[in-house]
Each structure stands twice: as structure tokens, then as C-alpha cells.
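Scroll down for the structure; my scribbles are underneath it.
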Number of protein chains: 2
Amino acid sequence: MASRSADPKGSSQRNGGGTPSLDAVSLAIIEQLQEDGRRPYAAIGKAVGLSEAAVRQRVQKLLDQGVMQIVAVTDPLTVGFRRQAMVGINVEGDVEAVADALTDMSECEYVVMTAGSFDLMVEIVCEDDDHLLEVINQRIRALPGVRSTESFVYLKLKKQTYMWGTR
Amino acid sequence: MASRSADPKGSSQRNGGGTPSLDAVSLAIIEQLQEDGRRPYAAIGKAVGLSEAAVRQRVQKLLDQGVMQIVAVTDPLTVGFRRQAMVGINVEGDVEAVADALTDMSECEYVVMTAGSFDLMVEIVCEDDDHLLEVINQRIRALPGVRSTESFVYLKLKKQTYMWGTR
DNA sequence: TTCGATACTCACGGATTTCGTAGGTGGCCC
DNA sequence: GGGCCACCTACGAAATCCGTGAGTATCGAA
């Protein structure tokens, strides 16, 4: 169960940390699915040099391990969420605790701990200005440990890709 | 062929701007695919109250229109990109021109125009520190119109979802 | 009101894909 | 060597995909 990071064909790169590493073949599979999440296993197999079943098993494992997920993504504006913002947050005390609290909020779509003049950056997706105001002022600022926040309201989303590796 | 944003069952919301609007059914379809991008059309149809063929046609249209894409997403750290950063940028002159230039850079995964103390925010995905440094100092700062930048290096990604609507 | 366009349902059949499973192979450790 | 484990290939059955055509309902414009 411990996911020992096997090394099938010898053609993989060394793995440092605790996260399960990926060999070149899995990378290639992910690339294929980044282009089209519904691409058939057989087509992927042809592209990466594996049988259909092998691809299927690898994909299943990647999904199970949480390394990858196959999902629909949209521009939130198109889907009726008219206000988005990035919020920079400064924390006193336990940053991770604040991050966990933010993670539990459904409006927070993206939570990351950073180095720099903010401790946390959070992307907020809201339906309108009232909603956004409430989330930032009532909920985020109310969290214990939050010292200050700074908001960057989105005017226009110019780019949004998921194509790492395809370059 | 012109795809005029029809209004099938009368149960849709009005559409203001240029972007094609989405009725409740398409929203529901997107939700299904946000949970599992490979869910079969028949299963989606059962969930949203449409036939398999209708779902198929809607999904195809949503993809063609660019409203939605079905892709694999990963935590970049797992895939070998060890340094990520959010970069806030101040611009003098044409903000959109700078944004377009950033959009063309493969390391910029996310580009958004904002209101607040930054004009642009950009998410950068790099392989290591050298790469990150080069992108920020050599390439971004070199763009005409870029007045200043501020970087927030990612320490830990806590949350990353694509579940708008599923709430 | 009538016409035209759009979108849906239902149906069908062939091609393709998915899925479970059985069997083979190579590396690794005792 | 022998056992073990992870990974692969192979194959058949079941399910899904996909193009297609006919008939119906709704809406907006002439």
C-alpha cells in the first residue's frame, strides 16, 4: 500500500520527496489527457507506446493516488460567477490553521501559502459584489489570526491553461 | 452554424453580453463533468433529465464554443515543476498589451487583469529557482510597459478545485 | 397565423471503447 | 533458487460512443 515508486523500464527520473514520483510514460499519459480529458485509452497507448490496458491501469492509479484529476473547467464568468478576486492575507500565529479554514470555504477556489509580503493568497469566486464583500469582510477577516487582507478584483481573465509538460 | 445561443425549455436566464449564456441544464451538465470528466453521456442524461443524444450534442457544443474544456489537472509540484510563484505587476501604458505578451509565455499558466495595487497578476510555473529567476527578471521585467513586479513564491498549495456550481 | 429555426426525444446499428481478468515477465530480496 | 511484487500483454463480453433520420414542441419574426 505504501506506493514504493517502482521503476519499470529503467527510464525514469529519481524521486526525492514523499510524493509518488512519475516516470516518463506517466508524464506522457498526463500530457495526452491535458490535451483532451476524454481521449480513449487506446489512442493514448498508441501515442505513448503502451497497450490499452496498461494505460487504463496507469490512469486509474494516477486518479486513485490523487496525482491527477480529469474534470471540466470553465471560465467562471461564463458560468454566472460575476466577481472574482485574489486576496492576499497576512497572518499572525498559525498560518496553516488559517489556510485550512479557508480551504473549507466553498468560495475559495484556490488557497496557497506563499513567501513574500503575503502569507497566503486565495482566489475567491462569487456571484456578485455583495457576495464578495461578505466573504472578504465577514468571513475571511473574522478568522482568528488574520491580521490584514488586500484584495485584487478580477477585471478580465486572459489566460488559464493546464498544459504543463506540453512544452 | 452560427450558434445563436438558443433558449430551449424557457427555463434559462437572460443573457447580456457577448459571451454565450448557459441555461440551467447546461450548468447541470457542467457540474456532472466537474465531478468526473469521463462520465458517460447516458449517466449525465439521467442526472440532468435529458436523453443521451441531447447531452452529447450539448457537450459537443460547449466544447466547440470554448465554454468548457475537459482536461486532466495535476498539482504541478507532483509533475516536476518545483517552483511556482504569483507575480503582481504594475504597468504604465497599455495593460492589455503586456497581458497579451505574458499570455504568450508558456511559463505563465494564469494571467488576469485586476483592480487594486497591481494591474496584472500572473501565475508562473517553473522547473527550478534558476528558471523562475530568469522568467521574472529577464523576461517579464524586460517587457515594455512593465513598471514594477512583486513576487510571491509558493510554499504550499493547499487547495485547488474546479467545482463552481457544485454548491 | 404561418413559417423557419432550434432543440429535444426516440430509435437503431455498427464501430469503438471500456472493463475484468487471466497469464507472462523481469527486478528484487532473503 | 524461490517467492514476491509491480507491471505488462492478451482477449472476450458488456457498455458506450456516434452518426443518422423521423417526428414533436417552442419561440420569434414575417
Side-chain angles (χ1 to χ4, degrees), chain A residues 1-15 18-30 32-72 78, chain B residues 1-16 18-33 35-65 67-72 78:
Chain A
M1 212 130 302
S3 140
R4 168 80 73 318
S5 133
D7 201 318
K9 279 277 201 290
S11 64
S12 81
Q13 62 270 60
R14 200 55 66 251
N15 179 16
T19 38
S21 93
L22 303 174
D23 61 21
V25 178
S26 289
L27 252 298
I29 292 174
I30 292 176
Q32 292 289 317
L33 290 169
Q34 280 173 338
E35 286 175 20
D36 175 7
R38 273 183 170 258
R39 185 162 298 169
Y41 296 130
I44 298 172
K46 198 162 301 182
V48 308
L50 240 55
S51 72
E52 174 267 344
V55 172
R56 176 156 41 93
Q57 289 159 9
R58 287 226 188 197
V59 169
Q60 195 53 55
K61 181 177 303 184
L62 289 170
L63 295 173
D64 289 343
Q65 289 177 159
V67 172
M68 169 184 80
Q69 40 184 333
I70 299 175
V71 295
T78 315
Chain B
M1 210 126 295
S3 136
R4 167 79 73 322
S5 139
D7 199 316
K9 275 278 200 287
S11 66
S12 81
Q13 61 268 60
R14 202 52 67 248
N15 179 16
T19 39
S21 94
L22 301 175
D23 62 20
V25 178
S26 288
L27 252 296
I29 291 174
I30 292 176
E31 275 182 41
Q32 292 289 316
L33 290 170
E35 286 176 20
D36 174 6
R38 274 182 170 257
R39 186 162 296 169
Y41 295 131
I44 298 172
K46 199 161 298 180
V48 308
L50 241 53
S51 70
E52 175 266 347
V55 172
R56 185 159 27 104
Q57 290 158 13
R58 286 227 189 198
V59 169
Q60 195 53 55
K61 184 177 301 185
L62 290 170
L63 294 174
D64 289 343
Q65 288 177 159
V67 172
M68 167 184 81
Q69 40 183 332
I70 300 175
V71 296
T78 315

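Note on naming: letters A, B, ... go to the chains in the order of the sequence lines (proteins, then strands), and numbering restarts at 1 for each one.
Rounding to whole angstrom units, NZ of residue B:Lys46 and C1' of C:dC8 are separated by 18 Å. If you take CD of B:Gln60 and P of C:dT6, they are 18 Å apart, rounded to a whole angstrom. Put simply, CG on A:Asp23 is 16 Å from P on C:dG27, counting in whole angstrom units. Protein atom CD of A:Glu52 is 11 Å distant from nucleotide atom C1' of C:dG20, rounded to whole Å. Counting to the nearest Å, the P atom of D:dC18 and the CG atom of B:Asp64 are 12 Å from each other. The nearest whole Å value for the distance from the CZ atom in A:Arg58 to the P atom in D:dA6 is 14 Å. The distance between atom CZ of A:Arg39 and atom C1' of C:dT18, rounded to the nearest whole Å, is 17 Å. In this structure, B:Tyr41 places its OH atom 13 Å from C1' of C:dT17, rounding to the nearest Å.
Annotation: side chain of B:Val59 is in contact with side chain of B:Met68 (closest heavy-atom distance under 4.5 Å). For the pair B:Leu50 and B:Gln57, the minimum side-chain heavy-atom distance is 4.5 Å or more.
When each of D:dC18, C:dA11, D:dC8 is scored by its nearest atom to the side-chain atoms of B:Ala53, the top-ranked nucleotide is C:dA11. Taking every side-chain heavy atom of B:Ala54 into account, C:dT9 is the closest of C:dT9, D:dT9, C:dA7. Distances were taken from every side-chain heavy atom of B:Lys61 (C-beta onward) to each of C:dC19, C:dA7, D:dT9; the shortest belongs to C:dA7. Here the nucleotide nearest the side chain of A:Arg56, chosen from C:dG20, D:dC8, C:dC8, is C:dG20. You'll find that the side chain of A:Gln57 is closest to D:dC8, out of D:dC17, C:dC8, D:dC8. Taking the side chain of A:Leu50 as heavy atoms from C-beta on, and the options D:dT9, C:dT18, D:dC17, the nearest nucleotide is D:dT9.
Listed for the A:Arg39 side chain is no donor-acceptor partner under 3.5 Å among the backbone atoms of A:Gln34.
Residue A:Ser51 is the one, among A:Arg38 and A:Ser51, whose nearest nucleotide of DNA chain D lies closer to the 5' end (criterion: closest heavy atom).
To the nearest 0.5 Å, the span separating CG on A:Leu63 from CD1 on A:Ile70 amounts to 5.0 Å. Distance check: B:Glu35 CD to B:Leu33 CG gives 9.5 Å after rounding to the nearest 0.5 Å.
Nucleic acid contact class of A:Gly45 (heavy atoms, under 4.0 Å, all strands): none.
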